[in-house]
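A note on names: the letters A, B, ... follow the listed sequences, proteins ahead of strands, and every chain is numbered from 1. The analysis underlying the following values was restricted to heavy atoms, covering all of them including side chains, and did not include hydrogens, waters or symmetry mates.
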Amino acid sequence: MERRGFRPPLPLVLPVLAVVLVATVVVAVTTGPADIAAADVLRAIGRHLGLSTAGVPRLTDAIVWDLRLPRVLTAAAVGAGLALGGAVMQSLTRNPLADPYLLGLSSGASLGAVAVLVVGIGLLLPVAAFAGALLALGATLTLARTGGVLSPGRAVLAGLAISQLCAAGTSFVIFWTATGDSYREILSWLMGSLAGTTWQSVAIAGGALTLVGAVLLAQGGKLDAFAFGDTAAAALGIDVEHLRWGLMTLVALLTGALVAVSGAIGFVGLILPHAVSVVTGPAHRRLLPVVALVGAVFLVWADTAARTVFDPRELPVGIVTALIGVPVFAFLLRRGRGAAWS
Amino acid sequence: MELTIRGLRTRLGGRWVVDGIDATPPAGRLTGLLGPNGAGKTTLLRLVAGLLDPEEGAVLVSAGPDAPAPTVTVHGLPRTARARRIALLEQESSSSVPLSVSEVVALGRIPYRTRWGTDPDGNHAAAVLRSLGSAGAAHLADRTWSTLSGGERQRVLIARALAQEPELLLLDEPTNHLDISAQLHLLTFVRDLGITTVAALHDLNLAAAFCEHVLVLREGRLAAAGHPRDVLTAQLLREVYGVEADVLVHPHTGRPVIAFQEHDEPGGHAPRTGST
């Protein structure tokens, strides 16, 4: 009998993770160049939510409410969204290497973002990135659909081609027009960064996560039916085509919104679903809510490290997730869990 | 459940794979679907399951337990309603997902979940246990699917099908890759379920021993239908399979027992015509 390990019950895991997430957010907000006590963080948040009238120094209040809290909350929403999207994509395409950027989304978003960064209209960046992501998705699906049935395998290959095209376009724009400081800004965005996030970012990432995440969590149970292939899923009453393309489009919309606020942060959507399923098992009703919470906690810590370890200099968070992600990937690969890895 | 297959025709890749089949498998009994490779058995099962649309003809089932006459077309049923009444076991069921056995069986409850994925009556866990128990797989509940033997896997898949609480069970070569004891166990179990069952079978002796009714396909058409005793004759085996055989009578059951003769052309599989 294969060793299955301990699978803690969901009603225990979810509340524990929720508490861990709240604690993570508070600790992350206290962390930074200016030391702020956890009590002050809670007081400042309470005051803004109208729960408390306790006084907080004005500077502390500004750092907590205007700088750190939006960034930490954006990190949590982006982490949750990427991990959730990655888990869904891996099941839909039956490809353990799938991530939320699979259909050319990150490259399309990068091209859009770099184009406006170079022109210098920073305010439009999320809009341009989102538009780029959607255009790339449209191009991928059109290419995948030409001359044949739209299969997941074709979609992955088409996504690869569109990614390469957008990457070439991005390189061209940088090479041709970027000067001086815009290089650093562009590079940081391409590697994925949460620097400069505002409450607007929280609204975009959090809104997309809430809307799309609710549907993914509710419909995710049906993904289990794909374990034995499309025919088996259809025999269980699932509209295979409708569900697959509906969920893929939803993940694409979510990813487009996340990429718009943070750039393409790698490895979260690829690694966390594998790592979490070691503990929860592969059944989606358990995996999806847990992976979303773990993704949120993970990216908050990764971003906190990115902005504090080399203080005053800040790393793009994508470098930190890669530094953590690659060893974890190597470990999971050596552990060789299940036939999906062979 | 009463089942009537009426004038069913469909093409795959330009060829008429199922070419005008009319049949009425007996309700509550095991019907064997026989025929050489490529005769259209799998396609016919998928058509009956409602997973493929026929170009012509219809599959009729009863509207419900109170109205037994087959009046409703399978292809007109909503997907979920269909999955609550008809279960299909594919020929090759493999999965690389490390699901546990109870999770595999719980897949059979998907048609009973609400739109938002919840269990409306809170009885899914009980239904999973019950299905595992009646398929003789209760002891496997906590195993991982990938560690099971072929016979254990078939029991678990039968349990998954039973969790759908089907009135019609469609099995595509369920005895493939099983040892003889597992084959006998499976067919005995399925025969005694009392559910209308259509099973594609390769082993004619097993079909003769267990089926109440057989449908013999050749090139998408029905070559013969009826009780194995009346259908499985030396002449039919020659016509459909191109083999020579002596059909004996089982000393205890009175059912046919087929003793095949060697092909006289060494290594050849060409169908022989006429008798020697």
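- No side-chain heavy atom of A:F228 sits less than 4.5 Å from a side-chain heavy atom of B:V97.
- Neither the backbone nor the side chain of A:L217 has a heavy atom closer than 4.5 Å to any heavy atom of chain B.
- The nearest pair of heavy atoms linking A:A225 to B:L107 is N-CD2, 3.9 Å.
- Using a 4.5 Å cut-off between non-hydrogen atoms, the part of residues 30-49 of chain B that approaches chain A consists of B:R46.
- Only the backbone of B:I86 has a heavy atom closer than 4.5 Å to any heavy atom of chain A.
- Scanning residues 75-85 of chain B against chain A with a 4.5 Å heavy-atom cutoff picks out B:R79, B:T80, B:R82, B:A83, ordered by number.
- Heavy-atom minimum distance, A:L236 versus B:I110: O-CG2, 4.2 Å.
- For B:R191, the CZ atom is densely surrounded, since the number of other residues' heavy atoms within 6.0 Å is greater than 12.
- Annotation: maximal heavy-atom pairing with chain B below 4.5 Å, among A:G221, A:A235, A:A283, A:A214, occurs at A:A235.
- By the neighbour-count criterion of 12 heavy atoms within 6.0 Å, atom CZ of B:R6 is sparsely surrounded, having that number or fewer from other residues, nucleotides or ligands.
- Nearest heavy atom pair, residue A:K222 against residue B:R113, reads N-NH1, 4.1 Å.
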